[in-house]
There are 2 protein chains.
Amino acid sequence: MKISFDVSRVRPGAVAGVYPAKCATRTVLDHVTSKWGVLVLLALQQDSLRWGELRRSIEGISEKMLASTLRTLESDGFVNREAQATIPPRVDYELTARGHQLADRLVPLMDWIADNADEITGAPAFPLAKAGESSF
Amino acid sequence: MKISFDVSRVRPGAVAGVYPAKCATRTVLDHVTSKWGVLVLLALQQDSLRWGELRRSIEGISEKMLASTLRTLESDGFVNREAQATIPPRVDYELTARGHQLADRLVPLMDWIADNADEITGAPAFPLAKAGESSF
DNA sequence: CAGTATCCTTTCAGATACTG
DNA sequence: CAGTATCTGAAAGGATACTG
C-alpha cells in the first residue's frame, strides 16, 4: 500500500497529534488499545492474578484472546509471567514497573469513562429524577 | 452467546477492574479505543479541523474510517460537526466539552506512550550511547 | 490448571466509484 | 470539498477439542 502524506499540507497547529503510520508510538498504542489490552492491564493493576482468575475477571474474553493479549503485553514488557512447575501448574501474571507506569495513565481514563458512560450512551442504569423535579 | 460469569469466583481485590461484558463503560471504551478513535480525538484536541485537514493529520486513515469514526464520536457527544452550506462545502469538527474532558485523560497516556515507544518496541530511532559508555 | 491447535464465522477495513 | 455506496480480501475473534 502506498501512503501519500504531505506534512506541509497539515495545519501547523495540528502537528502535535500527527504520528507516522508505522511508528513505534502507533504500534504500542495499537497493542494497548487492542480489544482486550486495557481490560487486562487494569485487571492486573491492583494485584497479580493467576491465569484462571484473570480469565474470570474479564467477562467475555476467550482463552485464545487472553493468551494472545498476554503474549503481546509480555513482549512489550508490560506484564511479567511467573510459572511454577507444580502439578497442577500455577501461573501468575503481574504488571512490570513499565506496566504500572502505563496503568497509572489508564486509570484516570477508565475512571472517567466509567463515571460518564451511562450519560454518554444515553441509557442510565438508574434514571433518577433531577433535583427540583417530581415524579408526580 | 451465553456468558457465564460467576463473580464469587473472582478474587475480591480484582473486582475493581471487572466490567460486565455489555455495560455502557465497555461500549464507550470500545468507541474510544477503536482503531482510529484516540488519534481523531487527539488531532482535534488543540484546534477544530476541517474534514480534509483531519484526514491529512492522521496518516493512513481512509475516508471510510474517518467518516465512521467521526459518526461514532459524534453520537457519543465527543465531537461536534459544523457544516457550512457554501460551495464548495466547508465542514469543521471540534471537540465538545465532554470530548475535551476525555482528551485531557488521553494526552498523558499518549505522551507516555510516545516517550517510551522506541524503548518498548526495542527499535530506538537514535540508538544513543548511555552515559559512561563509549562507542570505541 | 494452563494453556495450544484448529476450524470457521463475523467483522474490519481498504479500494474504487459515485454524488451534492 | 465532503462525503456515501458497494465490493472484496484480510484479519479478528469465538467455539471446540486436545495436551502437558
Side-chain angles (χ1 to χ4, degrees), chain A residues 1-6 9-11 21-22 26-27 30-40 43-44 48-75 79-94, chain B residues 1-6 9-11 21-22 26-27 30-40 43-44 48-75 79-94:
Chain A
M1 177 186 57
K2 175 83 165 16
I3 295 174
S4 105
F5 185 59
D6 182 356
R9 301 197 62 200
V10 175
R11 209 167 106 186
K22 296 216 170 185
R26 286 254 198 125
T27 300
D30 283 348
H31 293 176
V32 173
T33 63
S34 70
K35 178 156 187 174
W36 302 103
V38 171
L39 293 175
V40 169
L44 293 173
S48 70
L49 290 175
R50 298 181 62 174
W51 165 270
E53 292 173 328
L54 200 41
R55 178 151 162 56
R56 286 188 296 273
S57 294
I58 303 172
E59 190 188 344
I61 196 169
S62 65
E63 296 190 344
K64 178 183 172 179
M65 290 316 296
L66 178 57
S68 154
T69 303
L70 282 171
R71 296 311 152 244
T72 300
L73 296 178
E74 223 187 316
S75 82
V79 166
N80 187 38
R81 177 182 186 277
E82 242 170 302
Q84 291 168 36
T86 54
I87 293 179
R90 176 193 175 103
V91 181
D92 287 272
Y93 292 91
E94 61 184 0
Chain B
M1 176 184 58
K2 175 79 164 23
I3 294 174
S4 106
F5 185 60
D6 183 356
R9 301 197 62 198
V10 175
R11 210 167 104 187
K22 296 216 168 185
R26 286 254 196 123
T27 300
D30 283 347
H31 293 175
V32 173
T33 64
S34 70
K35 178 156 186 177
W36 301 103
V38 171
L39 294 174
V40 169
L44 292 173
S48 70
L49 290 174
R50 298 181 62 174
W51 165 269
E53 292 173 327
L54 200 42
R55 177 152 161 56
R56 287 188 296 274
S57 294
I58 303 172
E59 192 188 343
I61 197 170
S62 66
E63 295 190 344
K64 177 184 171 178
M65 291 314 298
L66 179 55
S68 153
T69 304
L70 282 172
R71 295 312 153 243
T72 300
L73 296 179
E74 223 188 315
S75 82
V79 166
N80 187 38
R81 178 181 185 276
E82 241 171 302
Q84 290 169 37
T86 54
I87 294 178
R90 176 192 175 103
V91 181
D92 288 271
Y93 292 91
E94 61 184 0

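In what follows, every chain begins at residue 1, and chains take the letters A, B, ... in the order their sequences are listed.
Listed nucleotides C:dA2, D:dG3, D:dA2 differ in distance to A:P89; the shortest reach to its side chain belongs to C:dA2. Closest contact between the side chain of A:S62 and the listed nucleotides D:dG14, C:dG3, D:dA2 involves D:dG14. The side chain of B:K64 lies closest to C:dA13 when the candidates are D:dA2, C:dC1, C:dA13. The B:M65 side chain lies nearest to C:dG14 when the options are D:dG3, C:dC1, C:dG14. The side chain of A:R81 approaches C:dG3 more closely than any other nucleotide in the set C:dC1, C:dG3, D:dT4. Proximity note for B:E63 (side chain, C-beta onward) versus C:dC1, D:dG3, C:dG3: the nearest is D:dG3. Closest to the side chain of B:K35, out of C:dA2, D:dG3, C:dA13, is C:dA13.
Under the Watson-Crick and G-U wobble criteria, each requiring two contacts below 3.5 Å, nucleotide C:dG3 is paired to D:dC18. Pairing of C:dT9, defined by two Watson-Crick or G-U wobble distances under 3.5 Å, is identified with D:dA12.
A close approach under 4.0 Å does occur between a side-chain nitrogen or oxygen of B:R50 and OP1 or OP2 of D:dA2. Side-chain N/O atoms of B:R55 include none lying less than 4.0 angstrom from OP1 or OP2 on D:dG3. Phosphate contact (OP1/OP2 of C:dG3, side-chain N/O of A:R71, threshold under 4.0 Å): present.
Inter-residue side-chain proximity for A:R56 and A:R50 is flagged as unmet; no heavy-atom pair is nearer than 4.5 Å. At least one side-chain heavy atom of B:D92 sits under 4.5 Å from a side-chain heavy atom of B:Q84. Counting heavy atoms from C-beta on, the side chains of A:E94 and A:L44 never come closer than 4.5 Å. When side chains are defined from C-beta on, A:T72 does not count as touching A:S34, because their heavy atoms never get closer than 4.5 Å.
Between the CH2 atom of B:W36 and the C1' atom of C:dA13 there is a distance of 10 Å, rounded to whole Å. A:I61 has its CD1 atom 15 Å from the P atom of C:dA2, to the nearest Å. Here D:dG14 presents its P atom at 12 Å from CD1 of A:I58, a figure rounded to the nearest Å. If you measure from atom CD of A:Q84 to atom C1' of D:dG20, you get 17 Å, rounded to the nearest angstrom. Remark: C1' of D:dA2 and CG of B:D92 are 12 Å apart, rounded to the nearest angstrom. Rounded to whole Å, the distance from CG on B:L66 to P on C:dG14 is 12 Å. Straight-line distance from the CD atom of B:E53 to the C1' atom of D:dG3: 16 Å, rounded to whole Å. Atom pair B:R56:CZ and D:dG3:P shows a separation of 13 Å (rounding to whole Å applied).
Considering every non-hydrogen atom in both B:E63 and B:R55, the closest pair reads CG-NE, 3.3 Å.
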